[in-house]
Every structure is written in structure tokens, then in C-alpha cells.
Amino acid sequence: MSETPHRYTAELAQQIELAWQDRWQEEGTFHAPNPAGPWAEPEKVAGREKLLVLDMFPYPSGAGLHVGHPLGYIATDVFARYHRMTGKNVLHCLGYDAFGLPAEQYAVQTGQHPRKTTEDNMVVMKRQLRRLGLGHDDRRTIATIDPGYYKWTQWIFTQIYDAWYDPEAVRPDGGTGRARPITELVEQFESGDRPTPGGQRWSELSPAERSEVLDDFRLAYTSQAPVNWAPGLGTVLSNEEVTNDGRSERGNFPVFKTNLRQWMMRITSYADRLADDLDRVDWPDKVKAMQRNWIGRSQGARVAFPVVGRDASIEVFTTRPDTLFGATFMVLAPEHPLVDEIVPQGEWAADTNPAWTGGEATPEAAVAAYRLAASRKSEVERQTEGKDKTGVFTGAFATNPVNGQQIPVFMADYVLMGYGTGAIMAVPGQDHRDWEFAEQFGLPIIRTVQPSEGHPDDEPFTGEGPAVNSANDEVSLDGLGVAEAKAAIIEWLAAKGSGQPTVSYKLRDWLFSRQRYWGEPFPIVFDEDGVSHAVPDWMLPVELPDVPDYSPKTFEPEDASSQPEPPLGRVEDWVNVELDLGDGRGVRKYRRETNTMPNWAGSCWYYLRYLDPANDEAFVDPANEAYWMGPRATPVATAPAGATDPGGVDLYIGGVEHAVLHLLYARFWHKVLYDLGHVTSDEPFRKYFSQGYIQAAAYRDDRGQPVESSEVVEATDPDSGEVRYTWNGQSVAREYGKIGKSLKNVVSPDEMFEQYGADTLRVYEMSMGPLELSKPWETRAVVGAQRFLQRLWRNVIDEETGEVRVVDAPLDDATARALHRTIDAVSKDFPTLGFNTAIARLIELNNALTKLDAVPREAAEKLVVMVAPLAPHIAEELWQRLGHDESITFGTFPVADPALLVEDTVTCVVQIKGKVRDRLEVPADITEDALREQVLALPKVVAATEAGIRTVIVRAPKLVNVVPA
RNA sequence: GCGCAAGUGGCGGAAUUGGCAGACGCGCCAGCCUUAGGAGCUGGUGCCUUCGGGUGUGCGGGUUCAAGUCCCGCCUUGCGCACCA
């Protein structure tokens with residue numbers, strides 16, 4: 001290139017960037033001091049505000065990074081770097097979520113050990129991340145697969161295992177319900193303060209019996225329950241990992257319900273707190289809504305309907321007890337255990353509606369046939385059938401407790417066993433599903449809420465209105481609104497012993513075991529009675545053994561009858577051990593748990609380990625946790641009045657795909673740790689921000705196959721002006737999609753480093769638009785960011801000589817004002833993640849300096865400081881060349897001078913009838929009257945108001961609107 | 001179906017409280033420089049125009065001196081939930 005010798009080119013950028021990355025590493029620039037623990041540097045902590053910045057734990061993928069990945073990392077880095085310049089003690093680092101399915105699958109494909117492939121991937125990713133110039137404290141980089149890390153994952157598991165939820169216990173924050181050590185429960189059983197479920201004395205129970213009792217309380221417990229089994233994947237999955245159409249989120253394999261003994265986490269005990277505490281954190285409303293939705297809390301009542309002619313009653317859950325007078329039939333889920341008990345023997349009653357019988361001769365046969373049909377339906381079929389209600393009469397009747405009416409009991413698969421009680425009272429007048437069912441089966445419909453005016457007669461009314469047709473001898477709801485009617489009827493039901501208020505949740509307990517190799521082993525052994533024992537702390541970690549065959553046993557994806565087989569079960573000499581657990585029983589024979597933990601385990605607490613990764617004595621030193629995570633004096637702005645601050649990470653950025661899974665699981669673990677006194681914060685992530693995605697153009701040929709995007713040629717048709725895309729001579733169609741191998745549209749950051757440098761990539765990504773938006777990548781637009789940095793360079797460095805060309809002259813007034821306006825704008829944008837607008841302001845200032853004959857040092861230096869969070873390498877280099885020895889990392893961010901923000905004169909806009917017709921330069925402090933006078937004297941205004949003036953609106957000094965008569 | 005977002009130039013996107021629509025960047029156009037330009041610099045760039053101006057923030061209505069912004073109705077796109085009683 002015949003360029004000027006000292007131009008800021010990609011080559012120079014690269015030199016500068018690598019040099020500064022080396023220096024940062026040598027000097028430990030980003031090492032954040034801790035108040036306590038092995039790395040205690042209290043003297044460096046004192047007197048500084050702290051800031052904990054976090055990215056979502058990345059999985060080290062074999063494909064390396066593409067340009068979409070670093071978006072969030074750059075954003076947190078800019079935020080962290082900005083705050084370092086305001087004097088805060090900032091902790092920002094990144095580790096690796098390195099256990100998991102892809103590594104295992106890749107290892108199986110390549111025949112290498114997953115540890116090897118995972119570690120190789122981590123090396124690649126570390127190099128790429130370092131090249132971006134992220135200001136991470138590299139001492140704190142951890143990986144979930146390190147035994148030193150998963151030792152503490154296992155330790156936390158044992159804490160959860162050895163805990164139970166006491167709904168009566170009072171928390172430090174005044175609420176009731178918290179986890180307590182299981183030993184305190186055992187003491188209650190031993191003392192007799194709490195009766196055992198079977199009524200026997202604790203001392204009379206065998207160890208196995210005791211263990212069974214405790215399993216009903218432990219927060220981590222085994223249970224024989226229907227679980228999601230994916231034969232094609234060879235493992236069971238949590239509800240959250242199964243898609244709506246009954247397939248695995250990973251791999252898209254069919255999932256079947258199978259009864260298996262599995263480890264569960266009692267997350268349902270925390271349902272209320274997980275829902276309520278969303279009010280106290282600063283998260284996107286959308287994500288809060290998704291979590292609330294998943295928890296699915298609904299207030300309602302349980303009501304018992306006695307079965308006619310039997311000593312049994314059907315208990316239902318309803319959110320609309322106020323509509324009880326309109327309950328004209330009942331429906332049980334096909335799996336409901338009471339069905340067998342209530343179905344009458346023999347023939348149908350003579351007057352039975354033939355449409356109710358399913359064409360069977362007896363109720364028993366009808367029920368059996370329907371059950372069989374229902375059990376054969378897959379989730380998909382149940383869903384695609386949509387609103388076509390199916391069902392069958394059970395032959396039984398139940399009594400509506402409010403009016404004594406005998407109503408038929410049906411069985412139908414639109415009622416789910418997994419929610420509420422698995423039985424409903426059907427109120428067709430006020431419920432769409434019940435209405436459809438009633439229509440289908442010719443059942444009576446009674447309105448008990450007066451529909452609003454104009455409501456169609458042939459539709460249920462689910463809105464608000466006064467109750468009607470809702471009275472018996474003792475209670476009348478008529479005329480009451482929905483809320484009052486609910487309260488009134490619940491009170492009456494409670495007095496009668498027929499019902500009580502209750503709360504129901506969609507949230508189920510968390511299935512926690514997986515039949516995989518590449519995960520944390522459970523710190524659990526079973527003795528010869530089959531009783532589970534936590535492996536004591538001093539024996540942790542339970543290391544994952546090396547095995548010859550780590551591939552999971554998978555099956556035909558459709559083979560629902562198959563059973564999972566954990567790979568660790570094949571390692572006999574690891575499974576069968578003789579141990580002294582230190583419980584006074586001496587050395588005994590045990591069998592190890594052969595399941596492994598799900599991928600979520602390691603990511604449930606990694607942010608806590610960042611705080612104190614070298615600590616061998618504790619998962620985190622309490623003082624470090626309190627310092628970095630502890631509650632703040634003032635709650636978040638959106639918190640309800642009187643709420644206390646939960647503490648937690650100051651800023652967490654990551655993709656919305658983890659809105660339910662990871663964020664919910666981590667909150668649960670954190671709350672258990674809080675209850676057990678291990679942490680002072682009761683939420684892990686005080687502020688969470690979900691970033692958008694970067695998408696990229698992808699192109700498909702005639703057959704719909706993606707073609708390599710980088711080989712597509714764009715041309716504008718000279719006749720029509722249309723833009724056409726061709727690949728190897730054939731025309732292809734453009735679309736936008738996720739960056740990845742499948743769409744053949746990967747752009748690697750490595751290419752960007754080479755063509756432009758890391759600073760340019762950083763500035764480009766941050767300038768693309770608001771962080772929360774998804775936006776398309778456009779490689780040819782990257783040059784805009786490069787031009788900005790080149791002009792910045794040229795404002796400071798002479799491209800011919802390489803000498804600093806700033807002058808030690810005072811700022812002229814216009815430059816001073818431009819500078820301080822920029823400082824003002826940028827220091828508002830950085831803390832609110834408004835990086836795109838901050839960059840726009842910086843470009844404006846830079847362009848203004850370009851037009852000066854000579855750039856004053858003060859302006860150049862302040863501009864360089866403001867650019868530093870975004871483009872740290874060039875900023876460091878310019879800062880040094882401007883004569884500063886210290887890294888710019890802790891340079892002081894400039895503060896705007898308020899005096900320079902107010903203008904002496906302003907352009908006043910003169911509108912006539914709301915349209916801009918003229919402008920006027922006026923003093924900023926002009927009075928309304930003076931301004932009105934000046935405006936009315938303008939020739940254009942005079943001309944327009946010959947017919948008189950109706951009104952004049954004056955908003956001094958910026959606007960006057962004249963309305964002619 | 002229900003719920004929640006969002007619709008602004010050729011493109012990504014800016015616009016305190018309602019007060020100059022289109023900051024900044026890409027692209028495009030012109031000029032300069034250059035042997036050359038997929039480099040750089042300078043200027044221009046919503047649309048229409050008879051060069052006076054007109055018109056313009058998904059569509060239709062409304063409130064207002066004044067609406068991208070507030071209200072009502074619709075359309076489109078994206079996301080979430082989907083028999084949750």
C-alpha cells in the first residue's frame with residue numbers, strides 16, 4: 001500500500017492490540033482485589049464502590065466463536081471498563097460451562113475423550129476472547145469440569161440433600177418458609193415434637209424406613225415418578241428441556257413418560273418466593289413474565305364433591321369458586337385414581353344419553369376403552385386435536401355442595417392429571433373448554449355471571465360481572481362482583497367443611513439426574529439396605545472415573561419401552577466401594593450413584609465461585625460474597641414500596657433462551673444457600689439484561705439448499721434497479737437467520753481481527769443498534785467503525801511522521817461546548833448500556849475536531865478517555881503517546897461542566913399553524929413577551945396573519961406557534 | 001386462540017415532558033487527490049416538485065395551537081404461552 005507510513009491500518013491495529021493485551025496480562029491490570037479469602041487485598045478494596053459484572057457462562061463449542069457470540073461480552077466489557085474509570089472496584093471474568101451433551105457427542109464421533117476435546121475447545125475460545133481485548137480477571141477463569149470446581153458443586157448438592165423446607169420457619173427478612181438442615185427435622189421426629197407419617201416412634205423405624213420418611217422432606221430426593229425419557233438421546237430430561245410438541249430440546253428426539261426412580265429437586269417448595277421475588281429484581285418484564293408463567297401460580301379453592309352412593313368425594317381445584325352454582329358436570333383426568341372406585345358395576349342406567357357411552361355396553365368398558373385410547377395418544381396428537389373435546393361418562397354422579405344437585409361425572413383428556421387435583425368442576429357458562437364439552441355432550445349450561453351487554457348468547461362469558469343464579473338457603477352471591485363472590489363462597493364452603501382456599505402451580509419438581517457420562521457424579525452412595533448417604537465433605541470431590549466407553553446407551557428414538565442405562569454403571573470397581581463415611585458405622589460396602597448431574601448444575605452457582613476461585617476451605621469466603629453480592633441499601637427502582645434489596649450480581653447479560661431454565665434453577669439454588677446461611681444475597685442476579693442476537697444474511701439455491709454466504713455475489717440490475725444475488729452463476733434467494741454452520745453464513749471474529757482489528761470490531765458491534773435488539777450483521781458496514789478510529793488516530797498522530805500532533809492551546813468556545821455536550825451525553829449513555837448513541841456522539845466530536853486546524857490536547861485526551869471503554873487498545877496507545885505512563889484503564893472519566901452545557905443563544909422555531917415557517921436566533925434567557933413580540937414582527941408572520949391572530953403559543957426560548965384567525 | 005413487544009429513508013438505527021422527524025453509520029451521488037481505486041479527503045443525499053412549495057414515521061379515525069410520541073379501531077411482523085381449571 002502506498003499509504004502514509006503511520007496510518008491506523010489493520011496491521012497497526014493488530015500490533016497495538018497484541019502489545020497491550022500482553023501488557024495487561026503482565027501487569028494483571030484487571031485483577032480485582034478481594035476483601036477476604038486466599039486473595040485478600042483489603043487495602044485495595046477500602047473506600048471503593050464495587051461492581052460485579054457477569055456474562056452468561058459460555059459453553060466451549062468446537063466450532064469456535066462467530067461474530068454473534070461476543071456481542072454480550074463486549075457490552076459487559078465496555079460497561080465494566082467505563083465503571084473502572086469512575087473509580088469502582090470492578091470484577092469481570094469468564095469461565096467455561098464445560099460439561100454437557102455436545103462435548104460427549106463430539107467425543108463419541110471423534111473417538112476422543114470428552115475432556116480432551118473440551119479442553120482443546122477451551123484453548124481456541126480463550127485465544128479468541130483474549131484477542132477481543134476483554135478486561136477479564138484471568139485468575140478467576142474456572143471450568144465446571146475441574147475437580148476443584150465440581151467438588152463444590154457436589155458440596156452444594158449435599159447441602160440441598162441434607163436440607164428440608166419448613167413452611168413455618170421465619171426468615172431473616174420476616175417472611176415465612178425456609179430451608180433448614182435435615183438434622184433439625186430428625187430432632188423433631190426423635191423428640192416426638194413432630195409425629196412420623198405412620199405414627200410410629202422414630203426409634204422404632206428401621207434405617208430404610210427412616211430414610212424413606214426423610215426422602216419426603218429432603219430438597220434433593222429420589223422418587224419413582226413419571227419422567228421424560230428420550231430413548232434416542234439415552235437420557236431422561238427435565239420438564240423444562242422438553243418442547244411443547246413432546247420432543248427433546250436438544251436433538252429433537254421423541255420423549256416418552258416412563259416411571260423411573262430418579263433424583264429430583266424440590267423446587268416447588270420455592271414456587272412462591274421464586275414468583276414473588278421477581279418484583280425485587282431489575283429484569284426485563286418479558287423474562288419476568290416467562291418465569292411467572294412457568295411457575296404458573298393461581299389462587300383458587302379446593303372443593304369436595306361427594307360421590308353419590310359412595311363413601312368418597314372428588315376434590316377439584318378451581319380458580320372460579322364464585323361460579324360453583326353453574327357447575328353442571330364434573331370431569332376427571334383419564335389417569336385419575338378415583339375413577340376405578342366410582343365407576344358403577346353393570347349396565348348403564350336406563351336413561352343414560354347414548355352419546356355419553358362411547359358406544360360401550362357398560363360404564364366399566366367405556367372407561368377402559370377411553371383410557372386405552374387416551375394413553376395411546378401422543379402429546380402431539382393430543383395437541384393437534386385441539387379443541388375437539390372427547391370424553392366418556394363414568395356412570396357416576398356427584399353432589400354439588402352448594403345446591404345438592406346430582407351432576408354427572410365424565411372422564412376426558414382435556415383435564416390433565418398433572419395440574420391441580422386432576423379433576424374439575426365444569427362450569428360451561430363461564431369457561432370455553434367446558435362450554436365446548438357441554439355442547440358436544442348435550443349438558444346443561446347455566447350462567448352465573450351476568451354477561452356484559454352485547455355478549456353473544458352462544459358463547460361462555462369469562463369476564464367480570466355480577467353473579468346471578470347463585471343462591472341457596474344459606475348464602476347468596478347474586479349481585480356480587482367476581483372477587484367478592486369468591487370470598488363469600490369460600491367462607492361458606494370453609495364453614496361447611498366442603499372447601500378451602502388454596503394455591504396451585506404449574507411448576508413441577510426438577511428432575512435432576514441424567515444417564516450420561518460427561519457430568520458431575522452425584523456425591524451419593526447407597527448402603528446395602530438401599531439407603532442413600534451423602535458422601536462426607538472431606539471425601540469430595542467424587543471424581544468422574546476414566547472409562548473405556550463413555551458413550552451413552554441410546555435406543556431407537558421411538559422405542560418407548562427401553563430403559564436408560566448410565567455409562568458409569570458399567571464401571572464396576574468405581575461403583576462398588578468400601579467406605580467409612582464417618583457416621584460411626586465403620587467401613588461398609590456401598591454402591592455409588594451412577595447417574596450424573598444435568599448440565600445446569602455447574603451453571604447454577606459459577607458466579608459465586610468467580611468471587612473466590614482459589615478458596616479450598618469454602619465455596620466462597622462469606623466476606624467475599626457479602627462484599628460482591630450483598631444486598632444494597634436501596635432496592636431496584638421497580639421494586640414495590642417497602643421491599644428490601646435482594647443483592648446479587650450488578651449486571652448480568654445473556655441471551656433470552658435461558659429465561660426459564662438456567663435463570664430459574666440458579667435462583668432456586670441461590671435461595672437454598674441463602675436459607676442455609678451460606679450467602680447474604682437472596683437473589684443471584686440483581687439486574688439482568690437480555691441482549692438481542694446478531695443475524696446474518698443467508699442464501700439458498702433453487703432447491704432450498706443454503707450456499708456459502710461469503711461466495712455470493714451481489715449485483716444491481718441496471719434496468720430495474722433491483723438487487724440480485726448469485727452464487728457460482730446461479731441466482732440465489734436471500735434471507736436472514738441465526739449465524740451458524742447450517743445456514744453457511746458464519747463470519748468468524750478472526751477474519752475481523754485480521755481485516756480491521758479488535759477495536760474496530762468492538763466499536764462496530766456496539767454501534768449497530770440497541771443491545772436488546774436483534775440486528776443483521778453486515779461486514780461491509782464494519783468499515784464505518786474503522787474510519788472513526790482512523791480519524792481519531794489522525795487527530796492525535798501525524799500519519800507522515802508518527803509524531804503526536806496535538807497542540808497545547810486552550811479550547812475555543814465552540815470546541816469546549818461540543819466537548820462538554822459529548823461528555824454529558826456519553827456519561828449518561830454508558831451506565832444505561834446506550835452504546836450505540838454514545839458512539840454517535842463520540843463520532844460527532846471526533847469529526848468536529850477533524851475540522852480544526854490543530855487539535856487541542858485537552859479535547860484529544862478527553863476524547864481518548866471516553867473512547868477507551870469501547871476501543872481500549874487504540875485508547876491505551878494514544879494515551880501513552882500523549883505522554884502518560886499509566887494504563888488508561890483507571891484514568892478518570894471526564895465530568896461535564898454544567899456551565900458549558902447551557903447555550904447563550906438558541907434557534908427558536910417559528911411555526912404558523914403548527915408548521916415550521918421560520919427560525920430566529922434568540923438569547924437563551926429571552927422572556928416570553930419579548931420573544932412573542934419579535935416573532936410577530938417577522939415578515940412571514942405578518943404576511944400570514946393579515947386576517948388577524950387567533951392565538952400565539954410561546955414556549956421560550958425554543959418555539960413559538962402562531963395560529964392565524 | 002390468549003398474552004407481550006415492535007412497525008420511522010435503499011439498509012442498521014436516532015429523536016427528555018407531545019414542540020425543527022431522519023442524529024450517527026452503511027450504501028448511493030458529485031468533486032478533490034491518485035497511474036489506478038473495493039484507499040483517503042470534501043460536500044450532498046426521505047419522497048414529490050412547475051423550485052413558490054407540497055408531502056412524509058404500517059392503515060383508518062380522534063384529542064391538541066402542535067402527534068413518530070397520547071386515545072380508539074384495524075393490519076403486519078416477532079416473541080412467549082397454549083386445553084393449567
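Numbered from 1 within each chain, the chains take letters A, B, ... in sequence-line order. Side chains are part of it too, since the values below use all heavy atoms of this structure and drop only hydrogens, waters and symmetry mates.
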Practice prompt. Would you tell me whether A/E844 and A/T822 have side-chain atoms, one donor and one acceptor, within less than 3.5 Å of each other?
Written response: no
Is the closest basic N to carboxylate O distance between A/D272 and A/R297 below 4.0 Å? yes
Between the OH atom in A/Y699 and the CD atom in A/E711, the distance rounded to the nearest 0.5 Å is 12.0 Å
Between the protein and nucleotides 78-81 of chain B, list the N/O to N/O atom pairs that are separated by less than 3.5 angstrom.
{"residue": "B/C79", "atom": "O2'", "partner": "A/K286", "partner atom": "NZ", "Å": "3.0"}

Q) Base, sugar-phosphate, or nothing: which does A/R508 touch, judged by heavy atoms less than 4.0 Å apart? A) nothing
RNA chain B nearest-nucleotide lookup for A/K851 and A/I839: closer to the 5′ end is A/I839
| query | If you look at every strand shown and take non-hydrogen atoms under 4.0 Å, does A/I953 touch a base, only sugar-phosphate, or nothing? | reply | base
Using a 4.0 Å heavy-atom cut-off across all strands, classify A/L773 as base, sugar-phosphate, or nothing.
sugar-phosphate
Original post:
Has the side chain of A/Q911 got a donor or acceptor that lies under 3.5 Å from a partner of the other kind on the base of B/G19?
Top reply: yes
Note to self: Assess whether a salt bridge exists between A/D279 and A/R292, defined as any Lys/Arg side-chain N lying under 4.0 Å from an Asp/Glu carboxylate O.
What the structure shows: yes
Are OP1 or OP2 of B/A14 and a side-chain N or O of A/N836 less than 4.0 angstrom apart?
yes
Item to complete: Look at the side chain of A/R919 and the base of B/C20, then say whether one donor and one acceptor between them are separated by less than 3.5 Å.
Response: yes
Tell me whether the guanidinium CZ or amine NZ of A/K389 lies under 6.0 angstrom from the six-membered ring centre of A/F437 and within 45° of its axis.
-> no
Give every pair of a protein N or O atom and an N or O atom of nucleotides 26-32 of chain B that lie under 3.5 Å apart, one pair per line with the distance.
{"residue": "B/C26", "atom": "OP1", "partner": "A/R787", "partner atom": "NH1", "Å": "2.5"}

Checking N1-N3 plus N6-O4 or O6-N4 for Watson-Crick, or N1-O2 and O6-N3 for wobble, each under 3.5 Å, the partner of B/C20 is none
Review point. Under 4.0 angstrom, heavy atoms only, what part of the nucleic acid is A/S774 near: base, sugar-phosphate, or nothing?
Key: sugar-phosphate
Scanning all shown strands, the Watson-Crick or wobble mate of B/C11 with both distances under 3.5 Å is B/G25
Would you call A/R821 and A/E903 a salt bridge, using N to O less than 4.0 angstrom?
yes
_Would you measure the distance from the C1' atom in B/U57 across to the matching atom in B/A21 and give it in whole Å?_
7 Å
So, OP1 or OP2 of B/A85: does either fall under 4.0 Å of a side-chain N or O from A/S298?
yes
